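Counting starts at 1 for both ligands and their atoms, in listed order. Bear in mind that the values here come from a model prediction, so they are computed numbers and not experimental data.
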Amino acid sequence: MRKTSIFGATGSVGQSTIDLIRRAPEAYDVVALTGAGNIAQLARDAIELRADVAVTAREDQLPALRAALVGHPVEAAAGDAALKEAAQRPADWVMSAIVGAAGLVPGLEALKQGATLALANKESLVCAGQLLLKTARDHNARLLPVDSEHSAVFQALVGEDMAAVERVIITASGGAFRDWPLERLKSATVDEASTHPNWAMGQRITIDSASMFNKALEVIETREYFGVDPAQIEVLVHPESIVHAMVGFRDGAVMAHLGAPDMRHAIGYALHWPERQDLPVERLDFAKLAQLSFRSPDLQRYPALQLAYDVMDRGGLSGAVFNAAKERALDHFIAGRIGFLDMADRVARVMQRFDRDDMGLDDLMTLDAVRRMDHLARVDIDSLL
Ligand code: NDP
């Protein structure tokens, strides 16, 4: 039995992971499940999967979690320290599917105890990529991509030499507003931005898809995972979301990864890696796929995308600043304090206000330095309201 923990178990990726585990309960010994506000789901899954511990990130929710677990042999815990402690419990495979920078510490702790970390939480790689990769190396632990594009690149690279890679192309659906007139974007509402044309995902990543902040994070994630130069990373709008990524090689060959838009593919690949096993995902019917279309992203429509290249150019802690500013901009948009297009504008202004030298500290990337930058960026963007 594989000892398994799921951080962010109550979310969209967490629930898809549980769906796969539930199909073969005899294969998994569930150590920890975590959530935040959705206590009923957390308790239900922890009881069903016989988890050792259920953790809510919200301390005020501990009494409710305890009450929901009464009579069942599952420990209840709450708060950041409890999340950290749960990640320190020995596990073979850990899913990192908390949303936002809050996923960083549990991810680092899981790597420190040598677990294989399936990383959906792209924000942690963006704000502290070098730290995560170093921690994995130091502890002989493995980091596996779960984002569908990065899983696709990872699969296209099996057996290949990175020196032969010319370019990596990740695709983007274009999100909710890909066909809206630019003028209308200013008044886009939270509800409108929360509907994705192809993927069923959590609200935050869905809005980030509409603004392409999500793709900006993924461009940076591509650089961190695969060590390619920013100039080798391309983004293509592909409204059908069937081709998730392509890798171009020096001989002109291109390997593309195709699949139905269902996160259980990428999660299942990470769960069973290096093997492939049966997955309950739709099989593509090529005769029915009317077309696969591609176009270059319009940077006027998606200014967030350009910011990713600025972040990579600066390096160091600029990813922590970018991610924190982006998270707060999204909070402000959801709360109705700023408009849809203001998000990219405010994040760009925060990036400009931070001294390039302050952020160019690759060698000194510590958790404290990342947290400090994260905090300063959040305070800074709040001052721009
Ligand atoms: P959801 O919003 O659906 O779920 C987020 C999870 O994190 C929930 O379990 C939530 O708990 C928990 N959570 C929220 N805030 C905190 C916090 N402060 N501390 C600890 N836990 C918290 O997100 P998704 O599943 O959509 O996304 C999760 C991650 O995976 C993100 O990094 C996203 O970018 C990435 N990702 C998602 C994809 C998708 O298809 N959804 C695809 C590729 C990557 P609760 O619900 O109980 O409040």
Side-chain angles (χ1 to χ4, degrees), residues 5-19 32-46 54-61 64-65 68 77-84 86-87 95-107 109 117-127 144-152 170-173 175 194 196 198-209 211-218 220-222 225 241 244-245 259-267 269-270 281 323-324 326-327 330-331 334 374 378:
S5 291
I6 305 172
F7 287 78
T10 49
S12 168
V13 171
Q15 288 293 297
S16 293
T17 310
I18 287 177
D19 178 70
L33 295 184
T34 84
N38 193 346
I39 298 303
Q41 186 73 53
L42 179 61
R44 219 172 17 248
D45 291 337
V55 185
T56 164
R58 288 177 46 182
E59 298 197 14
D60 63 321
Q61 294 294 320
L65 181 60
D80 290 344
L83 280 175
K84 184 173 172 179
M95 167 53 77
S96 167
I98 287 175
V99 64
L104 176 59
V105 168
E109 293 302 320
L117 186 69
L119 191 71
N121 176 241
K122 62 191 90 183
E123 297 90 340
S124 57
L125 203 60
V126 169
C127 62
L144 292 175
V146 171
D147 226 346
S148 57
E149 296 76 1
H150 305 79
S151 174
I170 58 173
T171 62
S173 68
S194 303
H196 198 281
N198 305 339
W199 294 89
M201 307 186 286
Q203 185 194 33
R204 296 182 73 87
I205 184 175
T206 302
I207 300 176
D208 280 351
S209 296
S211 63
M212 280 240 200
F213 266 113
N214 180 49
K215 209 50 55 180
L217 296 180
E218 290 178 6
I220 301 167
E221 194 184 359
T222 302
Y225 265 128
S241 296
H244 303 309
D262 183 335
M263 279 307 291
R264 291 176 303 175
H265 178 82
I267 295 167
Y269 187 75
V281 298
N323 180 65
K326 179 213 82 71
E327 286 190 27
L330 181 56
D331 292 341
I334 291 173
D374 178 286
R378 285 172 202 262

Can you check side-chain contact (heavy atoms from CB on, under 4.5 Å) on Glu123 and Ile98, steps first, answer last? CA-CA 9 Å; Glu123 297 90 340; Ile98 287 175; over 6 Å; no
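Considering Thr10, Ile6, Val105 only, the shortest heavy-atom separation from atom 10 (C) of ligand 1 involves Thr10. Nearest-heavy-atom check against atom 14 (C) of ligand 1 across Ile267, Asp147, Val99, Leu119 picks out Val99. Comparing Asn214, Ile98, Thr56, Leu83 by heavy-atom distance to atom 29 (C) of ligand 1, the nearest is Ile98. For atom 31 (C) of ligand 1, the choice among Gln41, Glu149, Glu123, Lys122 with the nearest heavy atom turns out to be Glu123. Selection from Val146, Leu33, Ile205 by nearest heavy atom to atom 36 (N) of ligand 1 gives Ile205.
Residue pairs that meet the salt bridge (Lys or Arg N to Asp or Glu O under 4.0 Å) test with at least one member in residues 33-46, sequence neighbours left out, are Arg22-Asp45.
Protein heavy atom in closest approach to atom 48 (O) of ligand 1: Gly37 N, 2.9 Å. Looking only at protein heavy atoms, the nearest one to atom 35 (C) of ligand 1 is Ala120 O, 3.1 Å. Atom 17 (C) of ligand 1 has its closest protein heavy atom at Ala102 CB, 3.9 Å. Among all protein heavy atoms, the one lying closest to atom 4 (O) of ligand 1 is Gly11 CA, 3.1 Å. When hydrogens are left out, the protein atom nearest atom 28 (C) of ligand 1 is Ala97 O, 3.2 Å; that is the closest non-hydrogen contact. Closest protein heavy atom to atom 16 (C) of ligand 1: Ala36 CB, 4.1 Å. Atom 3 (O) of ligand 1 has its closest protein heavy atom at Ser12 N, 2.9 Å. The nearest heavy-atom contact from the protein to atom 19 (N) of ligand 1 is Ala57 CB, 3.4 Å.
Looking at Asn38 and Thr10, their side chains never bring a donor and an acceptor atom within 3.5 Å of each other. Side chains of Thr222 and His150: a donor-acceptor N/O pair is present below 3.5 angstrom, by distance only. With hydrogens and angles left out, the side-chain atoms of Ser173 and His196 include a donor and acceptor closer than 3.5 Å. Side chain to side chain, Ser16 and Asp19 fail the donor-acceptor criterion of an N or O pair below 3.5 Å.
For ligand 1, the polar-atom distance check against Ala200 finds no nitrogen or oxygen pair separated by under 3.5 Å. For ligand 1, one of its N or O atoms has an N or O atom of Val13 under 3.5 Å away.
In this view, Glu218 and Lys122, Asn214, Lys215 satisfy the side chain to side chain donor-acceptor pair (under 3.5 Å) rule, not counting sequence neighbours.
The distance from ligand 1 to the heavy atoms of Gly35 drops below 4.0 Å at these ligand atoms: 11 (O), 47 (O). With ligand atoms numbered from 1 in the order given, ligand 1 contributes 45 (P), 47 (O), 48 (O) to contacts under 4.0 Å with heavy atoms of Asn38. If you number the atoms of ligand 1 from 1 as listed, the ones under 4.0 Å from a heavy atom of Gly202 come out as 3 (O), 26 (O), 41 (N).
Under the 4.5 Å side-chain criterion, counting only non-hydrogen atoms from C-beta, Leu125 is in contact with Leu119. Within the 4.5 Å cutoff, side-chain heavy atoms of Asp208 are placed close to those of Leu330.
Between the CD atom of Glu149 and the NE2 atom of His244 there is a distance of 8.0 Å, given to the nearest 0.5 Å. Atom OH of Tyr225 sits about 7.5 Å away from atom CG of Asp147, to the nearest 0.5 Å.
Between Arg204 and Asp331 there is a salt bridge, since a side-chain N of the basic residue sits under 4.0 Å from a carboxylate O of the acidic one.
At a heavy-atom distance under 4.0 Å, atoms from both the backbone and the side chain of Met201 approach ligand 1.
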